[in-house]
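The model shown is predicted, which means the values in this text are computed figures rather than measured ones. Chain naming here is simple, since letters A, B, ... match the order of the sequence lines and numbering starts at 1 in each.
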Amino acid sequence: MELGYACVNMSLKDASPNHRITLNSLKKLSSEGQRIRLKTIAKKNLANTLRILKFNKAHNINFYRFSSNIVPLATHPIMEGWDYILDLKKDLLEVGNYVKKNGMRTSTHPGQYTVLNSNREDIVSRAIDDLEYHSKLLIGMGLDRTHKMVLHIGGAYGNKEKAIEKFKSNFARLSEDIKGRLIIENDDTTYNTTEVLEIAEDLGIPMVFDIHHFNCNHQEDEDLKELIPRIFATWGDEKPKLHFSSPKSEKKYASHADNIEKDDFLEYIDLLKSLTDKDFDIMLECKNKDKALLKLREEIKVES
DNA sequence: ACGCGTCAAGTACTC
DNA sequence: GAGTACTTGACGCGT
């Protein structure tokens with residue numbers, strides 16, 4: 001089992017892969033100036049991504065989620081026509097080659113603004129653009145389709161059944177590369193485990209099971225003993241991926257805590273292992289990122 | 001150098 | 001229709 005973390009590294013100094021520029025600042029530059037500025041920022045983000053991967057290797061962390069902000073404003077209309085992949089080819093390949101050379105597992109996770117099932121076509125269109133961006137980055141890195149893109153289902157719009165149908169029909173519009181990488185996750189407020197699982201089974205794509213989201217959002221009749229084997233089955237021959245985080249507090253339950261609560265974590269690992277022979281990876285989502293991962297790994301080691 | 005309001009993006013909810 | 005929470009690190013302006 002590999003543990004992973006998302007995007008930011010808390011141990012390295014000045015290593016953010018999330019450097020950005022505001023739209024207003026960008027607009028003050030000439031067309032050429034805009035490209036140069038964004039290219040410079042993206043190169044810095046990719047250089048920091050590589051630094052983070054090297055840190056990961058040194059600490060035997062082989063599972064990592066790329067930042068979605070590596071190329072800021074890549075899909076914004078004012079940058080239309082900019083071939084950022086061409087401009088960043090060398091930097092992208094350097095990251096991708098490092099991942100491949102070291103047998104690392106990576107992913108991306110378009111966020112809350114990427115809504116494929118919206119009932120507004122302009123929003124769907126932008127969601128597809130954003131998925132294309134993530135796909136292009138992974139292809140540009142030379143990474144095959146085992147390197148995934150995690151997505152939530154989206155909004156409910158007062159009619160979940162219809163919204164789920166919308167998700168499925170819009171899935172059909174995606175490129176082959178995106179279809180081959182897309183994996184869907186249960187969320188903390190709207191689409192529960194059973195609903196996402198049924199969509200995954202229907203579309204023939206893997207489901208990422210988020211244990212914390214399950215705790216935030218589940219029906220009384222949802223039984224993990226029944227659901228988990230089905231979730232793992234959606235992965236076929238591939239190694240399943242799960243998300244885990246601890247609640248910030250009783251009051252802000254859905255928010256992520258700084259670290260992972262060890263006993264709680266071990267309890268779920270035991271449950272998972274009792275339900276499957278498969279190996280699996282777990283993405284930890286918490287504020288302390290790599291530090292939380294290393295801390296948890298140390299605590300588990302002491303335990304066993 | 002530092003503090004703090006602001007930031008591309010959507011949904012759901014309140015008023 | 002407007003405003004706000006959600007979530008969240010970095011920008012960038014003002015001092």
Side-chain angles (χ1 to χ4, degrees), chain A residues 5-29 34 37-38 40-49 52 65-80 82 84 108-134 137 149-160 162-164 166-167 170 185-192 195 210 212-213 216-217 243 245-249 251-258 284-292:
Chain A
Y5 68 98
C7 310
V8 175
N9 181 290
M10 302 296 281
S11 303
L12 295 168
K13 275 220 170 5
D14 299 318
S16 170
N18 283 319
H19 286 285
R20 271 172 273 189
I21 182 168
T22 59
L23 188 59
N24 275 335
S25 305
L26 194 72
K27 280 178 176 166
K28 288 171 191 161
L29 305 172
Q34 292 178 343
R37 185 82 186 91
L38 289 181
T40 306
I41 295 170
K43 283 171 88 78
K44 183 158 69 171
N45 287 337
L46 284 165
N48 282 338
T49 298
I52 291 170
R65 179 193 300 163
F66 290 121
S67 159
S68 287
N69 302 311
I70 287 176
V71 190
L73 300 169
T75 61
H76 195 278
I78 72 162
M79 295 313 294
E80 203 182 341
W82 177 35
Y84 49 89
T108 62
H109 189 357
Q112 60 179 324
Y113 301 116
T114 308
V115 186
L116 188 60
N117 79 335
S118 177
N119 43 21
R120 276 179 50 189
E121 175 54 29
D122 57 329
I123 290 166
V124 174
S125 169
R126 278 200 289 273
I128 293 174
D129 287 348
D130 190 53
L131 292 172
E132 280 291 345
Y133 155 75
H134 284 87
L137 277 191
M149 295 165 46
V150 182
L151 190 67
H152 291 288
I153 303 303
Y157 314 101
N159 185 344
K160 256 189 186 177
K162 208 174 138 199
I164 287 171
K166 184 86 176 167
F167 184 88
N170 285 341
E185 177 190 348
N186 57 307
D187 68 68
D188 58 345
T189 54
T190 310
Y191 290 98
N192 64 37
E195 289 162 336
D210 188 309
H212 179 55
H213 289 167
C216 294
N217 177 23
H243 289 176
S245 41
S246 297
K248 187 168 187 65
S249 63
K251 215 174 173 182
K252 297 193 84 176
Y253 190 85
S255 300
H256 294 158
D258 293 351
L284 304 175
E285 296 181 317
C286 45
K287 294 240 161 106
N288 287 345
K289 305 286 179 178
D290 55 300
K291 289 191 175 178

More than 12 non-hydrogen atoms from neighbouring residues, nucleotides or ligands closer than 6.0 Å to NZ on A:Lys160, yes or no? yes
Please state how far atom CG in A:Asn24 lies from atom P in B:dA8, giving the value in whole angstrom units. 6 Å
Could you tell me the separation between the CD1 atom of A:Ile41 and the P atom of B:dA8, rounded to a whole number of Å? 12 Å
Sugar-phosphate means primed atoms, P, OP1 and OP2; the rest is base. With that split, encode nucleotides 6-15 of chain C 5' to 3' as B, S or - using protein heavy atoms under 4.0 Å. BS-BSSSS--
When you compare C:dA10 with B:dG10, how far apart are their P atoms, in angstrom units rounded to a whole number? 23 Å
For A:Cys216, check side chain to side chain contact (heavy atoms under 4.5 Å, CB included) against everything at least two apart and list the hits. A:Asp188, A:His212, A:Tyr253, A:Ala254
Classify the ring geometry of A:His152 against A:His213: parallel below 30°, tilted from 30° to 60°, perpendicular beyond 60°. tilted
A:Gln34 atom CD is separated from B:dA8 atom P, nearest whole Å, by 13 Å
Which nucleotides of DNA chain C pair, in dot-bracket form (Watson-Crick or G-U under 3.5 Å, | meaning another strand): ||||||..|||||||
Go through the structure and list residues passing side chain to side chain contact (heavy atoms under 4.5 Å, CB included) with A:Ser68, not counting sequence neighbours. A:His134
Could you state the interatomic distance from NZ (A:Lys289) to NE2 (A:His256), rounded to the nearest 0.5 Å? 9.0 Å
Measure from OH on A:Tyr191 to C1' on B:dG10 and round the result to the nearest Å. 13 Å
Which value, in whole Å, describes the distance between the P atoms of nucleotides B:dA8 and C:dC13? 12 Å
Whole angstrom is fine here: how far is it from CD1 in A:Ile123 over to P in B:dT11? 4 Å
Name all residues meeting the side-chain hydrogen bond (donor to acceptor under 3.5 Å, both in side chains) criterion together with A:Thr114; count only those two or more places apart in sequence or in a different chain, and write none if there are none. A:Asp130
Within the supplied structure, the quantity of interest is the number of heavy atoms (other residues, nucleotides, ligands) at a distance under 6.0 Å from A:Asp14 CG; does it exceed 12? no
A:Leu116 to A:Val124 - nearest heavy-atom pair and separation: O-CG2, 3.6 Å
Assess whether atom CD of A:Glu121 is packed by more than 12 heavy atoms of other residues, nucleotides or ligands within 6.0 Å. yes
Could you tell me how far apart A:Asp122 (CG) and B:dA9 (C1') are, to the nearest whole angstrom? 11 Å
Polar pairs (N or O, both sides) under 3.5 Å between protein and nucleotides 12-15 of chain B?
from: B:dA12; atom 1: OP1; to: A:Ala156; atom 2: N; distance (Å): 2.7

When we call it a touch if two heavy atoms are under 4.0 Å apart, what does A:Thr114 touch: a base, just sugar-phosphate, or nothing? nothing
At their closest point, which heavy atom of A:Ala163 faces which heavy atom of A:Tyr157, and how far apart are they? CB-CD1, 4.1 Å
C:dT4 versus B:dC7 - spacing of their P atoms, nearest Å: 13 Å
Inter-residue atom distance A:Leu23.CG - A:Leu73.CG, 0.5 Å rounding: 6.0 Å
Rounded to whole angstrom, note down the P distance from C:dG3 over to B:dT6. 13 Å
Heavy atoms under 4.0 Å, any strand shown: does A:Leu73 hit a base, just sugar-phosphate, or nothing? base
How close or far is atom P of B:dA8 from atom CD of A:Glu80, stated in whole angstroms? 18 Å
Do you know which two heavy atoms are closest between A:Ile52 and A:Asn9, and how far apart they sit? CG1-CB, 3.8 Å
